[in-house]
Amino acid sequence: MTTGTDHSMGEAIAARIERRWATLSIVIVGVLVGMAAFIGIHQATMPQGHVETADPKTLHLSGEFIESNLGTSVEADGSVTVRAIGQQYSFTPQCVVVPADTPVSFRATSADVVHGFLIEGTNINAMLVPGYVSVLPARFNAPREHVMPCQEFCGIGHQGMWGKVKVIDKAAFSKLSATRRRLTCVD
Ligand SMILES: [Cu+2]
């Protein structure tokens, strides 16, 4: 049997528990809003230390991404740099050749819209944004072929936009690079 006092006590307890849960949910929302605001403001006030730009309108005319400069080149320290561009609907070079077991730096940009730069079987995955240079350090342990599909929808021919990365033996690569300044495996 419930008396009047029991009833009002039960009500008071229920109200207290409910208030606690309400306070907790407001605190959780507050913390999340605070975190989102902090990350947004922090990133806006501390932009990347290093942003490189490349004018998509003049990529083919001058500068780092002219056609003769695309492909793989060997640096003085023995590492290699790969320069590539993405455009609707292909990559240049279509097939990238790099040595195994060597530090590789990919430098790529887009000539038109946003494309994706993804090398299957690795953690290399970036956007190619017109106007900006995407720089990606990499190292491939062993010779093999990787497919390199565009993973950002870029228009009607997107599904046909594929490239290839061919990792070859270090010795074979140095033999190849002795004959040419820029290497690709297109030809
Ligand atoms: Cu694309």
So, for [X] and [Y], which heavy atoms are closest and what is the spacing to 0.1 Å?
X	Y	answer
Val97	Thr72	O-OG1, 2.6 Å
Asp77	Ser79	OD1-OG, 2.7 Å
Glu52	Arg107	OE1-NH2, 2.6 Å
Val104	Val98	CG1-CG1, 4.0 Å
Ala54	Val133	CB-CG2, 3.9 Å

Under the side-chain contact (heavy atoms from CB on, under 4.5 Å) rule, collect the residues that match up with Pro56, sequence neighbours excluded. Pro130

Decide if atom [atom1] of [X] counts as having more than 12 heavy atoms of other residues, nucleotides or ligands within a radius under 6.0 Å.
X	atom1	result
Glu18	CD	no
Asn141	CG	no
Leu61	CG	yes

Drop me the distance from [X]'s [atom1] to [Y]'s [atom2], to the nearest 0.5 angstrom.
X	Y	atom1	atom2	result
His115	Gln88	NE2	CD	5.0 Å
Met161	Glu152	CE	CD	10.5 Å
Leu24	Ile28	CG	CD1	4.0 Å
Arg139	Thr122	CZ	OG1	14.5 Å
Lys166	Thr184	NZ	OG1	10.0 Å
Ser174	Ile168	OG	CD1	8.5 Å

Is there side-chain contact between [X] and [Y], with at least one heavy-atom pair below 4.5 Å?
X	Y	answer
Val74	Val80	yes
Leu70	Phe65	yes
Leu136	Ile119	no
Pro103	Glu75	no

Quick check on side-chain contact (heavy atoms from CB on, under 4.5 Å): which of Ile124, Asp101, Thr102 does Phe140 satisfy it with? Ile124

Check each of Leu59, Asp55, Val135 against Thr109 using the side-chain contact (heavy atoms from CB on, under 4.5 Å) test, and report the only one that passes. Leu59

Could you give all pairs that pass the ring pair (Phe, Tyr, Trp, His ring centres under 6.0 Å) test and reach residues 82-107, with sequence neighbours left out? Phe106-Phe117

Going by ring pair (Phe, Tyr, Trp, His ring centres under 6.0 Å), name the pairs with one or both residues in residues 148-182, residues two or more places apart or in two chains. Phe153-His158

same_hphob_cluster([X], [Y]) at 4.5 Å side-chain heavy-atom cutoff:
X	Y	answer
Val33	Ile39	no
Val165	Leu128	yes
Val51	Val114	yes

Carefully, step by step, assess Arg182 and Arg180 under the rule side-chain contact (heavy atoms from CB on, under 4.5 Å). CA-CA 6 Å; Arg182 296 281 178 272; Arg180 286 161 70 184; over 6 Å; no

Output, in order, the C-alpha distance, side-chain angles, deciding distance and verdict of side-chain contact (heavy atoms from CB on, under 4.5 Å) for Asn69 and Arg181. CA-CA 9 Å; Asn69 205 35; Arg181 201 174 62 92; 4.1 Å; yes

Please determine, by modelled atom types, if Glu67 and Thr92 share a side-chain donor-acceptor pair under 3.5 angstrom. no

Please check: side-chain N/O of Gln87 versus main-chain N/O of Ala111, any donor-acceptor pairing under 3.5 Å? no

